[in-house]
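Reading through the structure tokens given below for one structure.
Because the structure is a prediction, the values reported are computed rather than measured. Just so you know, ligand 1 is whichever comes first in the structure, and atom 1 is the first atom listed for that ligand.
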Amino acid sequence: MKAARGSLLGIEHLKAEEISGLLGLARKMNPRKARPLLRGKRVLLLFYEASTRTRSSFEVAAQSLGAATTLVLSSGSSIEKGESLLDTAYTLRAVGADLIVVRHPNAGAPALMAAHLDIPVINAGDGMHEHPSQALLDAYTILRHKKTLKNLQVAIIGDIYHSRVARSAIHLLSKFGAKIALCGPSEFLPEVAATLAPGLRITRTAEDAVHGADVVMVLRVQKERLAGEKISLENYMSRYQMTLPRLRLAKKDALLMHPGPIIRGLELTWEVADCSQSMIVEEVHNGVPVRMAILAKALGKAS
Ligand code: NCD
């Protein structure tokens with residue numbers, strides 16, 4: 001499918017140079033002292049799913065660059081009256097949007113919009129497919145602490161099957177030569193996940209995944225995407241919850257990451273969430289310059 005110029009729909013089809021370019025641009029962005037590169041532009045934030053971090057940081061990023069922002073939530077909009085995705089997109093374009101950031105429960109929704117619009121569409125998470133801005137901010141965060149992604153041992157633990165964060169992270173990290181171990185019960189990690197990228201290792205114990213890791217990425221159990229599947233949370237926690245003793249199996253200077261929202265006491269303990277290795281708050285913080293770079297690049301103002 002063709003996509004409007006400047007769109008960011010996923011990591012899978014990006015070249016490593018494009019990713020490095022965005023990360024380099026993000027390093028030059030300072031939300032408190034930004035040049036108003038997007039003055040006169042209107043950024044529409046269209047959210048069909050709950051969001052705290054992604055939505056607020058795209059909004060802060062756009063405003064830091066001088067753009068005007070308008071938020072449209074599916075609840076309270078004509079989407080509730082049955083308006084289709086494309087009709088909503090055409091409406092927002094007609095209102096004067098120069099760029100649309102969209103989060104949608106269906107995989108491919110941003111791509112569909114980008115195929116029919118003449119303005120860039122940024123994917124802020126589509127179903128179980130991709131979440132490119134999260135992967136970029138995670139790479140940015142890792143690279144503030146580690147010299148390179150090459151040969152970095154990364155453990156991704158939890159509900160990988162339902163996670164667009166995991167999918168985008170796997171695509172990004174494997175393009176740069178990281179060694180990735182995926183870990184979870186078969187409901188959350190079918191064997192077929194190994195085909196997402198070359199060289200992925202599937203592990204079934206948290207201990208095995210974490211052993212010697214440089215980065216431990218923990219994911220939330222996405223109860224809202226469990227279509228009638230029943231899983232025993234107690235069993236899950238006893239085997240996969242990130243605890244301090246498990247985290248200690250990683251390298252001493254390992255980074256503990258989580259895209260949020262975190263559920264303390266479920267996929268990780270309180271101590272782990274707040275430990276000195278935790279990047280959880282820093283990831284959110286880094287989301288702003290990374291999204292500034294994404295928006296500036298999309299609108300051709302990235303010089
Ligand atoms: C995630 C999402 O919505 O994909 N959160 C985020 O954007 N940082 C992960 C989740 O909901 O667990």
Side-chain angles (χ1 to χ4, degrees), residues 8-12 26 45-62 71 73-75 101-111 122-142 156-173 182-185 187-189 193 196 215-227 229 231 233 236-237 240-242 255-268 272-273 278-291 294-295:
L8 176 63
L9 302 173
I11 297 292
E12 185 177 3
L45 304 153
L46 174 60
F47 278 70
Y48 289 76
E49 273 191 356
S51 175
T52 301
R53 281 148 281 274
T54 307
R55 189 181 107 187
S56 59
S57 72
F58 265 117
E59 188 161 6
V60 169
L71 175 64
L73 302 178
S74 54
S75 62
V101 175
V102 61
R103 168 169 286 191
H104 198 280
N106 296 341
I122 307 296
N123 180 4
D126 61 333
M128 288 156 51
H129 178 223
E130 282 231 36
H131 193 344
S133 62
Q134 182 71 40
L136 287 163
L137 75 87
D138 283 338
Y140 179 96
T141 303
I142 295 171
I156 305 182
I157 302 172
D159 184 358
I160 291 165
Y161 179 64
H162 297 106
S163 176
R164 52 200 178 203
V165 173
R167 231 164 242 99
S168 290
I170 290 166
H171 287 309
L172 192 155
L173 295 169
L182 305 177
C183 179
E187 302 90 307
F188 290 164
L189 180 57
L196 266 175
V215 174
V216 176
M217 184 184 287
V218 180
L219 301 170
R220 184 176 68 88
V221 174
Q222 301 206 8
K223 290 189 195 152
E224 72 278 20
R225 296 195 209 280
L226 291 172
E229 306 140 60
I231 75 138
L233 287 182
Y236 178 82
M237 280 152 57
Y240 299 103
Q241 183 183 64
M242 194 46 54
L255 308 177
L256 182 276
M257 306 187 75
H258 190 309
I262 60 170
I263 311 298
R264 290 171 185 259
L266 207 164
E267 71 272 15
L268 78 180
V272 167
S278 172
M279 295 287 116
I280 298 170
V281 175
E282 194 182 316
E283 286 169 80
V284 178
H285 181 77
N286 293 338
V288 178
V290 168
R291 292 182 170 115
I294 291 171
L295 295 172

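With ligand atoms numbered from 1 in the order given, ligand 1 contributes 10 (C), 11 (O), 12 (O) to contacts under 4.0 Å with heavy atoms of Arg220. Residue-ligand proximity, Gln222 to ligand 1, at heavy-atom distances under 4.0 Å covers atoms 10 (C), 12 (O). Atoms of ligand 1 lying under 4.0 Å from any heavy atom of Thr54, numbered from 1 in the order shown and given with element: 6 (C), 7 (O).
For the pair Glu267 (side chain) and Gln241 (backbone), a donor-acceptor distance under 3.5 Å is absent. Within the 3.5 Å criterion, the main-chain N or O of Glu130 finds no donor-acceptor partner in the side chain of Arg167. Under a 3.5 Å cut-off, the side chain of His162 and the backbone N or O of Arg225 do form a donor-acceptor pair.
Taking the six-membered ring where the residue is Trp, Tyr48 and His104 present tilted rings, their angle falling between 30° and 60°.
Scanning the protein for heavy atoms near atom 8 (N) of ligand 1, the closest one is Pro259 O, 2.9 Å. For atom 4 (O) of ligand 1, the closest heavy atom belonging to the protein is Arg164 NE, 2.7 Å. Considering only non-hydrogen protein atoms, atom 7 (O) of ligand 1 sits nearest to His131 NE2, 2.7 Å. The nearest protein atom to atom 1 (C) of ligand 1, hydrogens excluded, is given as Gly260 O, 3.6 Å; this is a heavy-atom distance.
Ligand 1 lies out of reach of Glu49, whose nearest heavy atom is not under 4.0 Å from it. Assignment of Ser51 to the shell around ligand 1 is not supported, since no heavy atom sits closer than 4.0 Å.
Aromatic rings from Tyr236 and Phe188 are positioned such that their centres are separated by under 6.0 Å.
Contacts of Leu219 with ligand 1, taken as heavy-atom pairs under 4.0 Å, are absent altogether.
Taking the ring centre of Phe58 as origin, the terminal cationic atom of Arg291 falls inside the region bounded by 6.0 Å and 45° from the ring axis.
With hydrogens and angles left out, the side-chain atoms of Arg103 and His131 include a donor and acceptor closer than 3.5 Å.
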